[in-house]
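Here's the structure, in structure tokens; my notes come after.
Fair warning: this is a prediction, and the values are worked out from it, not measured in the lab. In what follows, chains are A, B, ... by sequence order, proteins preceding strands, each numbered from 1.
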There are 2 protein chains.
Amino acid sequence: MRADAKKNYDHLLTIAREVVAEHGADASLRDIARRADVGLGTLYRHFPTREALLETLLRAGFDALTLRAREFDTADAPDHALVSWLREIVALAHSHRGVIASMAAAIEDPDSALHASCVTMKASGARLLARAQAAGLARADMEGADLFALVAALAWINDQASLAPRADRLFQLIAGAILVHPGRIGDFTAHASAEN
Amino acid sequence: MRADAKKNYDHLLTIAREVVAEHGADASLRDIARRADVGLGTLYRHFPTREALLETLLRAGFDALTLRAREFDTADAPDHALVSWLREIVALAHSHRGVIASMAAAIEDPDSALHASCVTMKASGARLLARAQAAGLARADMEGADLFALVAALAWINDQASLAPRADRLFQLIAGAILVHPGRIGDFTAHASAEN
DNA sequence: ACCTGAACACCGTTCAAGT
DNA sequence: ACCTGAACACCGTTCAAGT
């Protein structure tokens, strides 16, 4: 990448991060280009679709979550690991308000720039779920797709201003429905959270 | 209302029902006016906001749900009543794809045309929940706002094409988390649904 | 190789002018 | 009273013209 292009690319990302933090994943692309002092075509050259831009914004968070899943997979009690990881992926999605709908759409659209990341997230969750199931700590009648949908729903609740105050409580309720011994949830999720 | 105005009003509603069925609650208002062979200003005169139009489209369904809640309140086993009613409100929201986000926003916005209906729905749910709780059939640590948020989340899952296949299963899972004796769910929700 | 911004086809919303 | 549609201020997306 040429030096001037690289500079535009980086600056666009910085501004996009600000604008998405402010207006959510549906933010005006025009507005981003304008505030970055860059032609609209330059934004489209670097990020041919909105999903491509969002994927770049979220990539670091996705990678961190993939690593966390691997850590959790060996280090923790399977139920603790599963619930803690769920909390973190919900927090990541929420940190980019509105992106969860794009992620839900991307999971079944191989052409979406978000597809690969979503598939990875789903697989990480499925692995943690399977481990908890094998230990008899999660209900057996669930699979990765169910977990992905529940995470999406919880992230969506977080994104709705009027429902957000109930989000933590409902996370606990749903986590409790996944686990065989929900009594243990309070022990390890009370103050957990992910920053992104 | 003048005869010509009444005719426009009715025709707009007919067309709006078609277009919303096709494109969801975010359908283009311009498109509705166009297909109704009516000036854009006429649509705005009859329905000053999108919420006003949606409220009119959904009113019959809301009224039916209010009646159903009253029936359920006296006729059925409290847990059966609660879960059956939840199924119906989820189905109503889903029958107007995308409207659930507006409903979530309206519940805390007294100026929204959907506000009153949402408050009524929330109150109906809260009453059925309280009755089930009093009978020891629903967990005591929940309130109406939690139920409303869960219904919204389930309706949202239904609206996402990629998540919809899991919607029934997740309804059961969440209903099971609300009830004290979830084993009973399968008995009475397997084939229930609402038409609107 | 990369950037720019006009051009196109859409929106939602308002309101002066008509009947 | 009611209707109309132009006008305004926005979008997303493309692409000819520039450097």
Taking the minimum atom-to-atom distance to the side chain of [X], which one of [options] wins?
X     : options               : answer
A:R30 : C:dC11, D:dT13, C:dT4 : D:dT13
B:S28 : C:dC2, C:dC11, C:dT4  : C:dC11
B:L40 : C:dC11, C:dG5, C:dT13 : C:dT13
B:Y44 : C:dT13, C:dC3, D:dT14 : C:dT13
A:L29 : D:dG12, C:dT14, D:dC3 : D:dG12

Do the charged groups of [X] and [Y] touch, with an N to O distance under 4.0 Å?
X      : Y      : answer
B:R34  : B:D31  : yes
B:R87  : B:D168 : yes
B:D146 : A:R166 : yes
B:E22  : B:R35  : yes

Practice task
Mind listing the residues from residues 103-115 of chain A sitting with a heavy atom below 4.0 Å of DNA chain D? Number order is fine.
Solution key: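 By residue number: none to list.
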Problem - Inter-residue atom distance A:I15.CD1 - A:D10.CG, 0.5 Å rounding - result: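 Between A:I15 CD1 and A:D10 CG, I get 12.0 Å after rounding to 0.5 Å.
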Practice task
Supply the atom-to-atom distance A:S124 OG to A:L129 CG, rounded to the nearest 0.5 angstrom.
Solution key: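 Reported value, rounded in 0.5 Å steps: 12.5 Å.
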Exercise for the section: Find out whether A:H115 and A:E51 are in side-chain contact, i.e. whether some heavy atom of one side chain is under 4.5 Å from a heavy atom of the other. Expected result: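 Not touching, per the 4.5 Å side-chain cut-off.
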To the nearest Å, give me how far apart [atom1] ([X]) and [atom2] ([N]) are.
X     : N      : atom1 : atom2 : result
B:L43 : D:dC2  : CG    : C1'   : 14 Å
A:D26 : D:dC11 : CG    : P     : 13 Å
B:I32 : C:dT13 : CD1   : C1'   : 15 Å
B:K6  : D:dC2  : NZ    : P     : 13 Å
B:M1  : D:dC3  : CE    : C1'   : 14 Å
B:K7  : D:dC3  : NZ    : P     : 11 Å

Practice task
Please state whether the rings of B:F72 and B:H80 are parallel, tilted or perpendicular, taking 30° and 60° as the class boundaries.
Solution key: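 If you compare the ring of B:F72 with that of B:H80, the planes turn out tilted.
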Practice task
Evaluate the ring planes of A:W156 and B:W156, with Trp represented by its six-membered ring, and classify them as parallel (under 30°), tilted (30 to 60°) or perpendicular (over 60°).
Solution key: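 Plane angle under 30°, so parallel.
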Problem - Watson-Crick or G-U wobble mate for D:dA1, both contacts under 3.5 Å - result: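 When the pairing criteria are applied, C:dT19 turns out to be the nucleotide that pairs with D:dA1.
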Practice task
Please determine, for C:dT14, whether a Watson-Crick or G-U wobble partner exists with both distances under 3.5 Å, and give it or none.
Solution key: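 In the structure as shown, C:dT14 has D:dA6 as its Watson-Crick or wobble partner.
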Practice task
Look at all strands and tell whether B:A27 reaches a base, only sugar-phosphate, or nothing, counting heavy atoms closer than 4.0 Å.
Solution key: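 Touches sugar-phosphate only.
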Check whether any side-chain N or O of [X] sits under 4.0 Å from OP1 or OP2 of [N], and answer yes or no.
X     : N      : answer
B:N8  : D:dC3  : yes
B:R34 : C:dC11 : yes
A:T42 : C:dC2  : no

Handout entry: Nucleic acid contacts of residues 45-57 of chain A, taken as heavy-atom distances under 4.0 Å to DNA chain C
Key =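 Result for residues 45-57 of chain A: A:R45, A:H46, sorted by number.
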Practice task
Among B:R97, B:H94, B:H96, find the one that has a side chain to side chain donor-acceptor pair (under 3.5 Å) with B:D159.
Solution key: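 Of all the options given, the one that passes is B:H94.
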